[in-house]
Amino acid sequence: MPKQTNPAVDELVALRQEMSEFRKDFAKFNQELSLKIAFGVIGSVILCYFAIGLLSLVLGGGR
């Protein structure tokens with residue numbers, strides 16, 4: 001006698017698998033976003049450092 005499947009249970013299993021994939025994708029997206037933010041902050045600090053150096057040369061007369 002073949003085993004009967006319950007459509008509701010099958011749907012719940014499918015939803016659980018989709019949620020698991022979504023969590024993995026979201027974790028990857030979150031990590032990539034965090035890296036982009038970190039590199040943006042580092043780049044901004046470096047740019048400000050050079051801008052301040054340039055301004056001190058221009059306004060300070062190169063002393």
Atom pair CZ (F39) and OG (S44), whose distance is rounded to the nearest 0.5 Å: 13.0 Å
Aromatic plane relationship, F26 with F22 - under 30° parallel, 30 to 60° tilted, over 60° perpendicular: parallel
Pairs meeting criterion salt bridge (charged side-chain N to carboxylate O under 4.0 Å, His left out) with involvement of residues 7-23, two or more places apart: E21-K24
CD1-CD1 distance between I37 and I42, expressed to the nearest 0.5 angstrom: 12.0 Å
Y49 reachable from V41 in the ILVMFWY side-chain graph, under 4.5 Å edges: no
Distance in Å, L59 CG paired with I52 CD1, rounded so as to fall on 0.5 Å steps: 11.5 Å
